[in-house]
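Following: one structure in structure tokens, then a few remarks.
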Amino acid sequence: MIERRDDPEVETLPEHSDLVFGPPERLVTGATWSEGPVWIPALGRLRFSDIPGDRILEWEEGMSEPAVYATGVEFTNGRILDRDGSVIQCSHGRRRVERDRAGVVDVIADRYEGARLNSPNDVIVTRDGDVLFTDPDYGITVSVEGHSGVREYGNGACWVFRVGPGGVLTPIVTDMQQPNGLALSPDESILYIADTSAVARQDGRYQIRAYDWDGVAASNGRLFVAQDGASDGFRVDTAGNVWTSAADAVSVYSPDGALLLTVPVPEVVSNVAFGGADGTTLFLTASTSLYRIPTSARDATSVWR
Ligand code: MG
């Protein structure tokens with residue numbers, strides 16, 4: 001979660017735009033705080049979380065109000081589509097990563113060496129089928145986003161984990177304050193992770209960090225970009241560009257960290273996800289609403305999904 005506020009209407013688009021073809025379009029509203037968008041091709045629907053509302057919502061073309069997929073879901077947050085079409089999602093309330101297969105929900109990971117996880121926030125899958133997730137503490141410290149609790153592992157740490165073959169859990173990044181959004185470069189050699197802790201700001205700006213990734217371990221952590229607004233969630237496209245939330249905007253960075261584009265959004269953006277019939281629509285969960293932006297890009301994972 002990042003700051004919330006009411007925002008003015010934004011109707012203009014930056015001049016530069018071979019990446020996006022129009023301003024954000026609000027599709028539905030009425031959520032309390034939205035995160036965790038994922039496009040589900042089999043349904044032709046965009047699924048997302050209303051975290052404080054403790055429900056999972058869906059939108060499809062033609063809807064002017066979101067459909068309620070499930071309620072009493074224990075404060076789900078980030079989610080991703082697995083190769084088999086099931087949905088992997090984070091649950092603050094259950095302090096776990098779980099799988100929703102046609103409405104049947106099973107645990108993927110909830111403990112590390114016997115200790116409970118904090119409150120898994122965002123999750124991705126690798127080409128090999130491993131699950132990588134971030135585990136900040138917002139779901140046990142922000143009262144409307146879960147249940148109060150204490151950090152149990154690593155002397156009160158917030159780590160990033162890999163769930164490998166056999167469901168074995170391994171910490172892969174242990175030097176962040178509040179790891180949040182994450183994504184891999186198209187060749188999976190670089191792992192990007194945002195830190196949304198105010199403590200981890202550099203010169204007052206929020207970091208997205210980059211790590212070399214060999215499929216098992218992360219190393220050589222360094223600053224990728226810093227921005228004024230926290231990056232709660234992001235996706236990487238097939239060209240390696242990073243599409244990230246940036247307070248009341250979406251920003252796009254090249255693989256070398258150059259800012260290519262910033263698109264203003266009428267509300268504070270949490271997460272983004274590519275989807276739609278041809279995969280080029282960027283969906284934004286933004287405070288109370290779901291938006292879309294037509295783009296020329298596709299998710300990096302679209303080449304192997
Ligand atoms: Mg997040």
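First listed ligand is number 1; within each ligand, the first listed atom is number 1.
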So that I can check it, does any N, O or S atom in D122 come closer than 2.8 Å to the Mg ion (ligand 1)? no
Just jot down the salt bridge (charged side-chain N to carboxylate O under 4.0 Å, His left out) partners of E113, sequence neighbours excluded, or say none. none
Transitively linked via ILVMFWY side-chain contacts under 4.5 Å: Y211 with L132? yes
Hey, is there an N, O or S on N271 sitting under 2.8 Å from the Mg ion (ligand 1)? no
Short side-chain donor-acceptor distance under 3.5 Å, N180 and Y206: no
Taking both backbone and side chain into account, is any N, O or S atom of S270 nearer than 2.8 Å to the Mg ion (ligand 1)? no
Residues at least two apart in sequence or cross-chain that pass salt bridge (charged side-chain N to carboxylate O under 4.0 Å, His left out) with R99, listed by chain then number, are D82
I'd like the atom name of the N/O/S atom in D232 lying closest to the Mg ion (ligand 1). OD1
